[in-house]
Amino acid sequence: MSTELFEQLEFVENPLFETIIEDLLQQHYSVVEHFFSSSEVIALRNNLLLKYEEDRFRKSGIGNHLHQEIDKSIRGDFILWIDETKADPVEQLFFKKIDSLVQYLNKTCFLGILQQEFHYAVYPKGAFYKRHLDTFQNDDRRKLSLVCYLNEDPWPKENGGELTLYLEEGEKEIVPLPGRVVIFESQLLEHEVKLVKDSERLSITGWFKTR
Ligand code: OGA
Ligand code: MN
């Protein structure tokens, strides 16, 4: 049997990933419910909170690694980058699912994703992130943005903290419900995190990058 044929036989269609791809092609974003199960969300949230209490987060900046600025009038969250080579068991579980999505995207859409970067984020009460694009002026390797919400259940609407996507047809508000994952085209969609009014807003955010 030729290797080509073997690869084809090996490929198993994944309905969830197919929906994500279809959404991205049609509307440049996809919202997935229960990408992570509630027990996975709890494990990831506890992991985040442990590191947050250890004071390992730092004030987020704007711009890339070479040109970082801290400007609270633009964004007020605290972040901790995840070192994948030192991932703990909970993070390994996270990356297992993420990696299978990347493999699928590369295989079916020839996206050529070669790198990824993820950080935890905490938006304390009063924090927001003003309208922006996820690409930098001197670096356009970020192709897809992915946000995974780790908030407590329920997240009442009055808490704010919605992710607003600015689409051609208008604004799309996405409530940061636990287990929900949002994926969108980094170079195309401007977006914003609305003011968090009450409890802390918790997430993991990351980017799939080409070379
Ligand atoms: C970001 C961002 C969106 C969100 O970190 O760049 O836009 O919903 N996050 O947390
Ligand atoms: Mn963003």
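The first residue of the sequence shown is numbered 1, and numbering continues consecutively from there. All values below come from the heavy atoms of this structure, side chains included, with hydrogens, waters and symmetry mates left out. First listed ligand is number 1; within each ligand, the first listed atom is number 1.
Residue H119 places no N or O, backbone or side chain, under 3.5 Å from any N or O of ligand 1. Residue S203 has no N or O atom closer than 3.5 Å to an N or O atom of ligand 1.
Rounding to the nearest 10°, we obtain 100° for the angle at the Mn ion (ligand 2) between H191 NE2 and D134 OD1.
For H132, the NE2 atom counts as densely surrounded, since its 6.0 Å shell holds more than 12 non-hydrogen atoms of other residues, nucleotides or ligands.
Judged by the 6.0 Å and 45° rule, K143 forms no cation-pi pair with F208.
The closest protein non-hydrogen atom to atom 5 (O) of ligand 1 is T205 CG2, 3.7 Å. Looking at atom 1 (C) of ligand 1, its nearest protein heavy atom turns out to be Y129 CE1, 3.7 Å. The nearest heavy-atom contact from the protein to atom 3 (C) of ligand 1 is V193 CG2, 3.5 Å. At the shortest separation from atom 8 (O) of ligand 1 among protein heavy atoms lies Y149 OH, 2.6 Å. The nearest protein atom to atom 10 (O) of ligand 1, hydrogens excluded, is given as R201 NH1, 2.8 Å; this is a heavy-atom distance.
For F94 and F118, the gap between ring centers is short of 6.0 Å.
Of the options K97, K51, K86, a salt bridge (Lys or Arg N to Asp or Glu O under 4.0 Å) to E91 is made by K51 and by none of the others.
Between the side chains of D23 and H28, no donor-acceptor pair is found at a separation under 3.5 Å. Side-chain N/O atoms of E13 and Y104 include no donor and acceptor closer than 3.5 Å.
Contacts between D134 and ligand 1 below 4.0 angstrom, taking non-hydrogen atoms only, involve the side chain exclusively.
Taking 4.0 Å as the cut-off, E192 does not count as a neighbour of ligand 1 on heavy-atom distance.
Hydrophobic clustering (ILVMFWY, side-chain heavy atoms < 4.5 Å, transitive): Y123 and V175 are in one cluster.
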